[in-house]
2 protein chains.
Amino acid sequence: MAATGPLADDDARTLHQQVLARLRENILLGRIEPGQALTIRGLAAELGVSAMPVREALRQLVAERALELMDNRRVRIPPMTIERFEDLIAARIVLEAEAAARAMPYVTDALIARLEAEDVAINAAVAERDYDRWIGANYAFHSALYGAAGQSAFLPLIESLWLQVGPFLRRAIRTISGHYTVDRHSEALAALRRRDTMALRIAIEADIRDGIAHIGSTLIRSEALGATVVQGTLRPSTSSG
Amino acid sequence: MAATGPLADDDARTLHQQVLARLRENILLGRIEPGQALTIRGLAAELGVSAMPVREALRQLVAERALELMDNRRVRIPPMTIERFEDLIAARIVLEAEAAARAMPYVTDALIARLEAEDVAINAAVAERDYDRWIGANYAFHSALYGAAGQSAFLPLIESLWLQVGPFLRRAIRTISGHYTVDRHSEALAALRRRDTMALRIAIEADIRDGIAHIGSTLIRSEALGATVVQGTLRPSTSSG
DNA sequence: CATGCCGCCATGTGATCACAATTTTGCGCC
DNA sequence: GGCGCAAAATTGTGATCACATGGCGGCATG
């Protein structure tokens with residue numbers, strides 16, 4: 001469930017890199033439920049490898065804050081709180097707005113065309129209620145924009161933030177089920193065509209904030225933020241008050 | 001040299017956590033020269049542990065971008081370029097200014113007193129040309145401020161940035177040797193006492209930018225940015241032009 | 001029937017080993 | 001003396017094993 005099948009065996013990368021990529025994708029797309037058991041041996045068996053590469057991948061994901069090391073030395077998707085969620089969104093806004101602005105000098109017509117294609121894919125995914133494709137294309141859109149200038153120190157930081165909100169985005173999106181229709185990407189694309197950096201900043205910030213405003217309030221109302229952890233065992237969150 | 005001696009054996013943490021903390025400190029304080037050989041077995045021997053904890057610590061530092069995985073699968077301090085340096089500084093500014101602003105509601109008189117103490121330590125370190133204590137106290141100052149609200153998603157991102165600039169700050173500081181006397185921390189402290197969030201943002205940004213402006217130009221002029229890597233072997237950078 | 005205790009099983013940590021790839025070294029040749 | 005090639009040493013990767021810790025269920029007891 002967490003890993004969905006063994007790895008391909010014709011991959012030049014090291015096993016730990018393949019395991020890492022698989023787990024990272026599953027976390028980013030929200031395929032791993034918060035609270036789901038993530039054991040080294042279990043994942044190793046699912047992926048058809050030994051414990052070694054899994055250990056290293058988990059360690060790396062802990063470093064990226066996609067996973068959290070608990071006191072009993074197990075790892076889990078970190079529980080979400082309102083405060084942490086707002087922290088993550090605030091960090092996304094300042095980092096991604098700046099990253100977008102810094103990418104502007106490197107924006108070409110080819111890049112804009114690529115982003116337009118991603119936008120089409122995003123809208124198609126929304127129409128089909130295909131969550132995986134939606135968040136995947138959405139990530140591709142943002143990532144392609146921020147990476148226009150080549151490798152940047154911003155990218156890994158932003159990816160870390162996406163990994164941290166991913167699991168909860170999915171849960172939230174499910175509850176509001178396709179209610180996310182505000183298309184701020186077209187505003188961003190318009191700003192890109194005009195090479196208007198300030199408008200781009202505003203569009204990116206609005207994209208994050210508007211998408212999140214719905215989700216955040218939904219999370220608060222439906223208390224879908226996460227389960228309550230009692231002595232290391234995960235139980236369904238009780239409806240308080 | 002890289003690890004400076006074996007670990008204490010009365011530490012409740014896991015070995016890999018101790019190794020990680022040691023290496024992280026050495027990188028942050030710039031004790032590890034860019035290009036210095038970092039081998040698993042070598043570090044393990046220095047620290048008096050087996051290869052296992054070292055492997056996991058290195059993996060984690062790679063994830064934090066403090067180290068870089070090369071094509072030949074060895075790790076190194078990533079080489080610095082002007083572009084990357086400016087990227088890192090830009091990221092530091094937006095993240096730390098925002099983190100400081102978000103910490104403001106949690107600022108207490110006790111925290112201010114603690115920051116003042118750190119400021120004294122910083123100035124003492126500058127006076128004594130004690131680089132380790134200088135950057136250590138400097139980090140403590142910033143970290144205490146940003147962490148006022150408790151654990152925040154900003155902190156690990158900021159720490160990653162510090163780890164990336166650490167090794168080169170030291171090299172640069174050595175060349176300009178104590179020329180860093182602009183005391184923006186007192187401005188930050190004044191803003192904190194007045195609970196003036198905007199002034200705090202400005203002071204933090206000025207602290208980073210001014211400190212870096214000197215260093216960056218020095219780096220460019222003296223070409224102290226890093227060594228040129230040829231086929232994985234490190235050689236002194238040639239003076240170009 | 002509820003509760004506390006004990007033993008078993010699962011899990012993370014760390015060490016060691018085997019192996020392939022890469023780097024270094026040393027030797028012979030030009 | 002410089003250069004190229006082959007052997008040896010070094011290194012990262014992955015697997016397996018031993019061990020301590022903690023979680024869990026079964027069992028006896030009140």
Side-chain angles (χ1 to χ4, degrees), chain A residues 1-3 6-23 35-63 67-77 227-235, chain B residues 1-3 6-23 32 35-63 67-77 227 229-235:
Chain A
M1 175 77 91
L7 299 172
D9 56 345
D10 59 343
D11 199 318
R13 294 176 298 176
T14 62
L15 278 181
H16 114 261
Q17 286 170 328
Q18 299 177 51
V19 173
L20 176 62
R22 177 76 69 94
L23 291 178
Q36 180 172 345
L38 289 178
T39 65
I40 294 176
R41 288 175 174 85
L43 290 172
E46 274 190 76
L47 296 166
V49 298
S50 81
M52 204 73 234
V54 177
R55 282 171 67 169
E56 307 200 55
L58 289 182
R59 211 56 93 181
Q60 191 145 351
L61 289 167
V62 168
L67 297 176
E68 180 187 56
L69 194 58
M70 300 163 59
D71 285 341
N72 55 6
R73 296 177 174 176
R74 284 196 171 85
V75 301
R76 64 172 173 186
I77 303 272
T228 307
V229 174
V230 180
Q231 291 184 348
T233 308
L234 237 129
R235 316 188 174 191
Chain B
M1 175 75 92
L7 298 171
D9 54 347
D10 59 344
D11 200 318
R13 294 176 299 176
T14 62
L15 279 181
H16 113 261
Q17 286 171 328
Q18 300 178 50
V19 172
L20 177 63
R22 177 75 70 94
L23 291 178
I32 299 184
Q36 179 173 344
L38 288 177
T39 65
I40 294 176
R41 288 175 175 84
L43 290 172
E46 275 189 76
L47 296 166
V49 298
S50 82
M52 204 72 233
V54 177
R55 282 172 67 170
E56 307 201 55
L58 289 182
R59 210 58 88 184
Q60 191 144 352
L61 289 167
V62 168
L67 298 176
E68 180 188 56
L69 194 58
M70 300 163 61
D71 286 340
N72 54 9
R73 297 178 174 175
R74 285 198 171 84
V75 301
R76 63 171 174 187
I77 303 271
V229 174
V230 180
Q231 291 183 349
T233 307
L234 237 130
R235 313 185 177 197

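Below, read A as the first sequence line, B as the second, and so on, with proteins coming before strands; counting in each chain starts at 1.
Distance, A:L67 CG to C:dG12 P: 12 Å, rounded to whole Å. Distance, A:R76 CZ to C:dG12 P: 14 Å, rounded to whole Å. Computed from coordinates, the A:M52 CE to C:dC17 P distance equals 15 Å when rounded to whole Å. Summarising the geometry, the separation between CG on A:D71 and P on D:dG23 is reported as 10 Å, rounded to the nearest angstrom.
The two residues A:I40 and A:V54 come nearest to each other via the heavy atoms O-CG1, 3.8 Å. Here the shortest heavy-atom pairing between A:A57 and A:H16 reads CB-O, 4.1 Å. Closest non-hydrogen pair, A:V75 versus A:L38, comes out as CG2-O, 3.7 Å. In plain terms, the two heavy atoms of A:A44 and A:S50 that are nearest each other are CB-O, 3.5 Å.
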Would you list the protein and nucleotides 11-13 of chain D atom pairs, both N or O, that sit under 3.5 Å from each other?
{"from": "D:dT11", "atom 1": "O4'", "to": "B:R74", "atom 2": "NH2", "distance (Å)": "3.4"}
{"from": "D:dG12", "atom 1": "OP2", "to": "B:I40", "atom 2": "N", "distance (Å)": "3.0"}
{"from": "D:dG12", "atom 1": "O3'", "to": "B:R73", "atom 2": "O", "distance (Å)": "3.4"}
{"from": "D:dG12", "atom 1": "N7", "to": "B:R41", "atom 2": "NH1", "distance (Å)": "2.8"}
{"from": "D:dG12", "atom 1": "O6", "to": "B:R41", "atom 2": "NH2", "distance (Å)": "3.1"}
{"from": "D:dT13", "atom 1": "OP2", "to": "B:R59", "atom 2": "NH2", "distance (Å)": "2.9"}

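Under the side-chain contact (heavy atoms from CB on, under 4.5 Å) criterion, B:R13 pairs with B:D11, B:Q17, B:Q18, B:A21, sequence neighbours left out.
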Worked verdict on B:L15 versus B:L47 for side-chain contact (heavy atoms from CB on, under 4.5 Å) = CA-CA 10 Å; B:L15 279 181; B:L47 296 166; over 6 Å; no
